[in-house]
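Shown next, in structure tokens, is the structure this report addresses.
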Amino acid sequence: MAEPHSSPRFGRPREPKNPLPMGRGLAIVIGFVVASHLRSALFLTVFGLLFFLPGFFNIPPIDRDEARFAQATKQMVETGDFVDIRFQGEVRYKKPVGIYWLQAAAVETASALGLPRAQIRIWLYRVPSLIGAIGAVLLTYWAALAFVTRRGAILAGLIMCGSVLLGVEARLAKTDAMLLLTIVAAMGALARIYLSSERGEKPEHPSWTHPAIFWTAIAGGILLKGPLILMFVGLTIGAVAILDRSASWLWRLRSVWGLMWVLVLVMPWFVAIFLRAGDTFFTDSIGGDMLSKLAAQESHGAPPGTYFLLFWITFWPGAALAGLAAPAVWRARREPEVRFLLAWLIPSWVVFELVLTKLPHYVLPLYPAIAILSVWALERRVLSRSWLTKGTAWWFAIPAITLVLAIVATITLTRQPVFLAWPFAAVALISGLFAWWLYDDDNAERSLLNAVLAALFLSASVYGIIVAALTPLFPSPEVARALRNVECVGPKAAAAGYHEPSLVFMTGTSTLLTDGSGAADFLSHGSCRFALVESRSERAFAQRAEAIGLRYNVATRIDGFNFSQGKTISIAIFRSEGTR
């Protein structure tokens with residue numbers, strides 16, 4: 001396919017000869033903010049907040065990973081022990097301490113500012129993820145500046161803003177959004193060092209800035225999720241070295257000083273946890289968690305190719321543009337810029353496809369490379385003109401399918417049509433439709449921006465209104481609310497049949513997780529005690545209560561759906577007679 005203009009030689013200005021059309025609406029705004037880095041950063045920050053805040057405050061704790069992370073942090077705050085990591089009495093050594101410290105800082109800050117019941121407000125535990133997601137968007141912009149124009153870098157940041165997967169992780173109190181931030185920082189610094197070498201730049205006094213960013217990001221990634229960040233970086237460096245048949249540029253990383261800096265940052269906690277727990281942490285984290293993923297851990301096994309199929313949903317709306325860019329990217333694979341981005345993307349992707357355990361968020365650190373490659377092709381007007389252009393219908397199909405399913409689910413579970421979501425849904429559908437209809441070589445950017453707007457309104461509709469309205473999916477807050485309304489002081493609870501981590505987080509660390517018989521025994525040991533018994537455990541509870549002569553009554557009953565197990569549940573809250 002002939003290009004409408006020749007590609008600029010490496011090292012020369014990357015502005016296309018014929019500037020892309022300014023477009024309308026959002027494109028005009030981008031034309032204004034592109035004048036400076038400060039405007040661009042503020043624009044992406046505001047857009048990130050618009051994307052990630054809907055639902056951030058009012059979606060209850062999500063089982064199981066988010067609730068486990070939040071509860072472990074909550075126990076750190078309660079005990080003042082910021083070295084050990086525990087969920088109730090069990091150690092939780094699958095991940096290092098970094099995310100727990102960040103979450104604890106958010107909770108402690110809110111408590112110091114006087115926010116009531118800060119320890120059970122799940123959104124506080126999500127603040128590091130929100131910061132990580134917006135930081136990753138800004139760092140994608142920064143990393144992209146090494147490859148494309150400033151306008152293109154803004155587009156790459158917007159693609160990451162709209163990514164379905166990043167939108168999910170920004171709202172979950174887990175490690176992955178912050179890990180993405182550290183990886184993009186490391187890759188952006190690494191790219192600048194590599195490309196500087198490829199241009200033949202030999203400064204008399206090489207800057208310490210990029211090596212400092214790189215090694216600090218490495219340390220942060222290790223404290224968040226162990227050595228995983230080293231895999232992304234190591235595979236990238238290895239692939240580039242093999243393709244170039246040289247790794248002479250690595251001296252610019254200042255590796256000796258960098259490794260010393262990493263040890264200064266990470267060793268104190270690793271020494272502290274070793275003194276506290278011996279080699280248990282390393283056994284659980286590396287052997288019990290990381291290496292076990294080579295097998296199908298926790299029933300999350302899937303065949304190779306799973307991530308490729310999920311990509312078209314999890315990277316929407318950028319996925320359609322990536323498909324259009326793929327042929328041109330492959331043709332340009334020998335260009336240093338493209339070679340580096342492909343080295344960032346392909347080796348790690350292959351590893352994840354081959355590993356049996358598969359969870360959607362594993363490939364999230366590879367999405368910035370895809371966003372930058374997509375914009376690289378868009379700026380050069382080398383997007384495919386073949387049958388791949390039919391894939392732009394995906395910009396309309398995803399909001400249409402998602403909104404139909406979401407509204408049907410809401411009506412089914414709550415018997416409410418959630419009319420408030422419909423205007424947002426309509427705008428998302430219209431924007432997606434325009435993105436599809438307007439697409440051609442001259443309007444590729446405008447189509448992409450319409451798709452980004454579709455993603456924005458889809459986010460507001462689904463996260464901000466529909467998910468928050470699905471209260472039957474979140475029985476734990478209802479149980480906790482019922483316990484807060486009792487008249488006795490300091491209620492204690494035992495749960496039988498429903499042991500989700502969100503219940504512990506909402507009702508208190510001391511909540512006993514037991515069976516029906518154990519719940520009856522617990523109830524018999526004093527007043528102001530409550531047994532939270534799921535219907536499947538009620539028979540065992542009643543039999544044991546009769547055997548020990550326990551007199552009790554039902555305070556309330558809460559019906560819901562346990563999506564972790566995929567089944568309906570009914571939780572009866574029993575109290576001993578005389579307790580109110």
Side-chain angles (χ1 to χ4, degrees), residues 40-41 44-45 47-48 51-52 129 131-170 175-195 210 213-214 217-218 220-221 224-225 228-229 231-233 235-237 239-240 307 310-311 314-319 321-322 325-326 329 337-349 352 360-379 448 452 455:
S40 301
L44 288 174
T45 300
F47 237 77
F51 264 102
F52 303 141
S129 293
I131 294 172
I134 293 177
V137 168
L138 293 175
L139 286 169
T140 297
Y141 164 80
W142 173 71
L145 289 171
F147 304 92
V148 296
T149 66
R150 189 180 297 171
R151 187 181 186 93
I154 293 174
L155 293 177
L158 286 176
I159 290 173
M160 288 303 297
C161 275
S163 167
V164 170
L165 185 55
L166 184 57
V168 171
E169 293 300 332
T175 57
D176 298 286
M178 282 300 301
L179 178 67
L180 176 65
L181 181 151
T182 62
I183 291 174
V184 180
M187 289 301 189
L190 190 66
R192 281 167 168 74
I193 293 170
Y194 171 71
L195 295 178
H210 296 139
I213 293 172
F214 176 82
I218 293 292
L224 285 165
K225 213 163 184 175
L228 186 61
I229 188 174
M231 185 200 79
F232 291 101
V233 171
L235 288 176
T236 303
I237 292 174
V240 168
Y307 286 119
L310 290 175
F311 167 79
T314 57
F315 194 58
W316 185 89
L321 186 68
V329 167
E337 299 144 303
V338 177
R339 182 163 65 244
F340 180 88
L341 290 168
L342 290 177
W344 176 357
L345 169 63
I346 293 177
S348 295
W349 192 288
F352 285 125
H361 60 264
Y362 287 176
V363 295
L364 179 60
L366 307 179
Y367 284 2
I370 302 175
I372 297 170
L373 285 168
S374 302
V375 172
W376 176 91
L378 183 150
E379 281 200 326
L448 173 64
V452 168

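Below, all heavy atoms of this structure are taken into account, side chains as well, without hydrogens, waters or symmetry copies. Computed from a prediction, not measured in an experiment: that's the story for all the values here.
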(message) Once rounded to the nearest 0.5 Å, what's the spacing between atom CD1 of I218 and atom CD1 of I183?
(response) 8.5 Å
(message) With a 4.5 Å cut-off on side-chain heavy atoms, are K225 and D176 touching?
(response) yes
(request) Output, in order, the C-alpha distance, side-chain angles, deciding distance and verdict of side-chain contact (heavy atoms from CB on, under 4.5 Å) for L166 and Y367. (result) CA-CA 9 Å; L166 184 57; Y367 284 2; over 6 Å; no
(request) Kindly give the heavy-atom pair with the smallest separation between V240 and A343, and that separation in Å. (result) CG2-CB, 3.5 Å
(message) Once side chain to side chain donor-acceptor pair (under 3.5 Å) is applied, do any residues pair with W349, and if so which ones, sequence neighbours excluded?
(response) E353
(request) Keeping to residues at least two apart or across chains, list the salt bridge (Lys or Arg N to Asp or Glu O under 4.0 Å) pairs with something in residues 339-349. (result) E198-R339, D244-R339
(message) Measuring only between side-chain heavy atoms, which start at C-beta, is V452 closer than 4.5 Å to C161?
(response) no
(request) Heavy atoms only: give me the nearest A156-A371 pair and the separation to one decimal. (result) O-CB, 4.0 Å
(request) Sort and list the pairs that fulfil salt bridge (Lys or Arg N to Asp or Glu O under 4.0 Å) and have at least one residue in residues 158-170, not counting sequence neighbours. (result) E169-K174
(request) Could you tell me whether F352 and F232 have their ring centroids closer than 6.0 angstrom? (result) yes
(request) Measure up the F340 and W344 rings against each other and bin them: parallel (under 30°), tilted (30 to 60°), perpendicular (over 60°). (result) perpendicular
(request) Work out which heavy atom in A133 is nearest to a heavy atom in A177; give both atom names and the distance. (result) N-CB, 3.9 Å
(message) To check you understand the geometry: which heavy-atom pair defines the closest contact between T182 and G220, and what is its length?
(response) CG2-C, 4.0 Å
(message) If I take atom CG from residue L138 and atom OG from residue S40, how far apart are they, to the nearest 0.5 angstrom?
(response) 10.0 Å
(request) State, with a plain yes or no, whether a side-chain heavy atom of I213 is found less than 4.5 Å away from one of W142. (result) yes
(message) Working to the nearest 0.5 angstrom, can you tell me the gap between F315 CZ and I370 CD1?
(response) 5.5 Å
(request) Output the distance between atom CG (L321) and atom CG (L448), rounded to the nearest 0.5 Å. (result) 5.5 Å
(request) Please name the pair of heavy atoms, one in V184 and one in P368, separated by the smallest distance, quoted to 0.1 Å. (result) CG2-CG, 3.6 Å
(request) For the pair V233 and F214, evaluate side-chain contact (heavy atoms from CB on, under 4.5 Å) and give the outcome as yes or no after the intermediate values. (result) CA-CA 10 Å; V233 171; F214 176 82; 3.5 Å; yes
(message) I'd like to know whether M187 forms a side-chain contact (heavy atoms from CB on, under 4.5 Å) with T140, so could you lay out the CA-CA distance, the side-chain angles of the two residues, the decisive distance to 0.1 Å, and finally the verdict.
(response) CA-CA 10 Å; M187 289 301 189; T140 297; over 6 Å; no
(message) Just verifying a value: how many Å separate L195 CG and E337 CD, rounded to the nearest 0.5 Å?
(response) 6.5 Å
(message) Using side-chain heavy atoms (C-beta onward) and a distance below 4.5 Å, is V137 in contact with F51?
(response) no
(message) Can a donor-acceptor pair be found, under 3.5 Å and without considering hydrogens, that links the side chain of T314 to the backbone of S163?
(response) no
(request) Can you measure from NE2 (H361) to CG (L180) and round to the nearest 0.5 angstrom? (result) 12.0 Å
(request) Specify the closest pair of heavy atoms between V375 and I159, including all atoms of both residues, with the distance to one decimal. (result) CG2-CD1, 3.9 Å
(request) Could you give me the CA-CA distance, side-chain angles and deciding distance for L224 and I229, then say whether side-chain contact (heavy atoms from CB on, under 4.5 Å) is met? (result) CA-CA 9 Å; L224 285 165; I229 188 174; over 6 Å; no
(message) With heavy-atom distances below 4.5 Å as the criterion, would you say the side chains of I154 and Y141 are in contact?
(response) yes
